[in-house]
Peer 1: 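Sending over a structure as structure tokens; questions will come in a sec.
By convention in this document, chain letters (A, B, ...) are assigned in the order of the sequence lines, proteins followed by strands, and residues within each chain are numbered from 1. Model, not experiment: these values are computed from the prediction.
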Amino acid sequence: MLDIKRIREKPDEVREGISAKGGDGTLVERAIELDKRLRELKTQTENLRAEQKKKSGDFGRLKKEGGDIAKLQNELNDLKAKLAVGDDDLTRTEKDLQAVLDDMPNVPHKDVPRGTSAEQNVVVKSWGDIPKIANPKPHWEIGKAFGFEQERASRMSGAGFQLFLGPLAKLERALIQYFLHEHTEKNGYTEAYCPFLVRPHALYGTGQLPKFQVELFHAERDDLYLIPTAETPLTNIHADEILAESDLPKRYCGYTPCFRREKGAAGADTRGMVRGHQFTKVEMMEFQHPAKSYEAHETLTRNAEKLLEGLELPYKRVLICTGDSSAANAKQYDLEVYAVGVARWLEVSSCSNFEDFQARRCKIRYKDSVTGKNEFVHTLNGSGLATSRIIPALLENNLQPDGSVRLPKALHAYYGKATL
RNA sequence: GGAGAGGUGGCAGAGUGGCCGAUUGCGUCGGUUUCGAAAACCGAUUUACCUUCACGGGUAACGAGGGUUCGACUCCCUCCCUCUCCGCCA
């Protein structure tokens, strides 16, 4: 959610920003109008209430003294009626304004390239060489030899779910171990094990509700949602809290399954592991001081890159343009890994700075030592990494002529041997 | 699934119709003291909106919404949330 003060004071900046994100620029005018109305109504009802308060006091005293209260009582009943109308107006206006604010995406950082589609994304960095493989094969074919059980998975759960038996299941676990070990032992993250089902308000806080309801799995009886990413529970760790400035930054990492309906993606990537209703991801999450969040964004992205370098996978870092980035963030880098079998760059990580957009919705603040006021923290998160994209890349890029798959050194200790 | 208790400021926890925006303790910040620190003592310390050049002043908010009342933190109703006990269970 955007700060209404910012909208009021810098309407042009905000309008440009949300339009660049593909949002509706006219929302700015509506917000300003409603905000103005709201403040007028507030003053109005406040004055009425002040009068009521004062006269009620008089009334009490007069009654005790046995004076004539009839006239005052009439005045008070009058006030009461007026207040009822005023209060109705006020709540309606508040709701309207809230709805408009909920509809607005974040304002992108000024350095983010303006654009409407992936075409305008900017590759800011590349690492590693694309391996030469004699007879490249897609991972779903290679995987068959290592326990990729597409049909059995579909039989019990339908399309879009994975069953791994043996080597791939173990590889999945090895990857998670490797990622978590790096984050907790080298990068200063606190490991979190968190709920996989959350209440609606938690999803509202991170921005997945109300706008992206159709993308979520919902357990209706309990009104709980399966998390689409660990971002949701990790960000909500400090929801409704006021942190000490000295507590910042706070860094958490955790692995969770992620559940997504992929409603709009019917037909795309139906083969293989790349797009499923359930996948596993290790997430990095950071609560940061506003002055340091962009620096932190670089470090966080770098943390994800180091994992890829450890896995010896060629990647590029892409700065996502305004129109292609997700609604809640202000700046987003994606990391893409090349997989030779499908001959495509696969998105393995998405690292974002949300500034105070989520913090405002989740009410995560800190007491600022300079202003002396409670200010919203900045939240950042990034995948580090998603196994569902890493496994295909490892299988395809490291396929040996004899059909075995070589594993990068970094995984040997976690997997227990050097090949699948 | 059954029974009970409760939601108040950064935290803990008083307040049971007007005298309460709220006693007190802890924490935090500033000061005194000290070579420095601790302790002790003194003071400050919720938020939003309106108003003022400023100092300041005003109004509202005690989980949310509704009701009773001239007047609600306080009484009633609904909802949300938390905790405790019993049952079941990995």
Peer 1: Return the value, rounded to whole Å, for the distance between atom CG of A:Asn374 and atom C1' of B:A48.
Peer 2: 12 Å

Peer 1: Closest to the A:Ala50 side chain: B:A48, B:U46, B:U59?
Peer 2: B:U59

Peer 1: Taking side chain as C-beta onward, heavy atoms only, is A:Val198 less than 4.5 Å from A:Asn236?
Peer 2: no

Peer 1: For atom C1', what is the distance between B:A12 and B:U82, given to the nearest Å?
Peer 2: 16 Å

Peer 1: If the C1' atom of B:U34 is compared with that of B:A39, how far apart are they to the nearest Å?
Peer 2: 11 Å

Peer 1: Could you work out the separation of B:C83 and B:G58 based on their C1' atoms and round it to a whole Å?
Peer 2: 40 Å

Peer 1: Taking the same atom, C1', in B:U46 and in B:G71, what whole-Å distance lies between them?
Peer 2: 25 Å

Peer 1: Separation of A:Asp368 atom CG from B:G10 atom P, in whole Å?
Peer 2: 16 Å

Peer 1: Atom CD of A:Glu40 and atom C1' of B:U59: how far apart are they, to the nearest Å?
Peer 2: 17 Å

Peer 1: Is there side-chain contact between A:Val124 and A:Val318, with at least one heavy-atom pair below 4.5 Å?
Peer 2: no

Peer 1: In the strands shown, is B:C11 matched to any nucleotide by a Watson-Crick or G-U wobble pair with both distances under 3.5 Å, and which?
Peer 2: B:G25

Peer 1: In Watson-Crick or G-U wobble terms, both distances under 3.5 Å, what is the partner of B:A60?
Peer 2: B:U47

Peer 1: Going by purine N1 to pyrimidine N3 plus the second Watson-Crick contact, or the G-U wobble pair, all under 3.5 Å, which nucleotide sits opposite B:C19?
Peer 2: none

Peer 1: Report the distance from atom NZ of A:Lys373 to atom P of B:C49, rounded to the nearest whole Å.
Peer 2: 7 Å

Peer 1: Measure CZ/A:Phe376 against C1'/B:A48 and give the value in whole Å, please.
Peer 2: 11 Å

Peer 1: Taking any heavy-atom pair under 4.0 Å as a contact, classify A:Lys5: base, sugar-phosphate, or nothing.
Peer 2: sugar-phosphate

Peer 1: Pick the closest RNA chain B nucleotide for A:Arg39 and for A:Lys367 by heavy atoms, then say which residue is nearer the 5' end.
Peer 2: A:Lys367

Peer 1: Classify the nucleic acid contact of A:Asn47 as base, sugar-phosphate or nothing, counting any heavy atom under 4.0 Å across all strands shown.
Peer 2: nothing

Peer 1: Less than 6.0 angstrom separating the ring centers of A:His238 and A:Tyr252, yes or no?
Peer 2: yes

Peer 1: What does B:A40 pair with, Watson-Crick or G-U, if both distances are under 3.5 Å?
Peer 2: B:U32

Peer 1: Between A:Arg49 and A:Arg8, name the one whose nearest nucleotide on RNA chain B is closer to the 5' end.
Peer 2: A:Arg8

Peer 1: What interatomic distance, in whole Å, is found between P of B:C76 and the corresponding atom of B:G18?
Peer 2: 16 Å

Peer 1: Quantified in whole Å, what is the C1' atom distance between nucleotide B:G27 and nucleotide B:C11?
Peer 2: 7 Å

Peer 1: Report the residue from A:Leu101, A:Val100, A:Ile4 that forms a side chain to side chain contact (heavy atoms under 4.5 Å, CB included) with A:Asp35.
Peer 2: A:Ile4

Peer 1: Classify the ring geometry between A:Phe161 and A:His277 as parallel (under 30°), tilted (30 to 60°) or perpendicular (over 60°).
Peer 2: tilted

Peer 1: Centre of A:Tyr415's six-membered ring, under 6.0 Å away, within 45 degrees of the axis: is that where NZ or CZ of A:Lys170 sits?
Peer 2: yes

Peer 1: Measure from NZ on A:Lys363 to P on B:A64 and round the result to the nearest Å.
Peer 2: 11 Å

Peer 1: How far does the P atom of B:G7 sit from the matching atom of B:A14, given to the nearest Å?
Peer 2: 8 Å

Peer 1: Using a 4.5 Å cut-off on heavy atoms from C-beta on, say whether the side chain of A:Glu396 contacts that of A:Val405.
Peer 2: no

Peer 1: At under 4.0 Å between heavy atoms, how does the protein contact nucleotides 70-84 of chain B? Give one character per nucleotide, 5' to 3', with B, S or -.
Peer 2: BS---------SS--

Peer 1: Does A:Lys36 place a side-chain N or O at less than 4.0 Å from the phosphate oxygens OP1/OP2 of B:C49?
Peer 2: no

Peer 1: What is the distance, rounded to the nearest whole Å, between atom CG of A:Leu83 and atom P of B:G67?
Peer 2: 12 Å

Peer 1: Determine which nucleotide pairs with B:G87, using a 3.5 Å limit on both distances of a Watson-Crick or G-U wobble pair.
Peer 2: none

Peer 1: Checking base pairs now: Watson-Crick or wobble, both atom distances under 3.5 Å. What partners B:A72?
Peer 2: none

Peer 1: Aromatic ring centroids of A:Phe287 and A:His378 under 6.0 Å?
Peer 2: no

Peer 1: State whether A:Phe217 and A:Arg260 meet the cation-pi test: NZ (Lys) or CZ (Arg) under 6.0 Å from the six-membered ring centroid, and within 45° of the perpendicular axis.
Peer 2: no

Peer 1: Rounded to whole angstroms, how far apart are CZ on A:Arg92 and P on B:G65?
Peer 2: 16 Å

Peer 1: In the structure shown, which nucleotide is the Watson-Crick or G-U wobble counterpart of B:U82, with both distances under 3.5 Å?
Peer 2: B:A5

Peer 1: I'd like the P distance from B:A48 over to B:U84, given in whole Å.
Peer 2: 33 Å

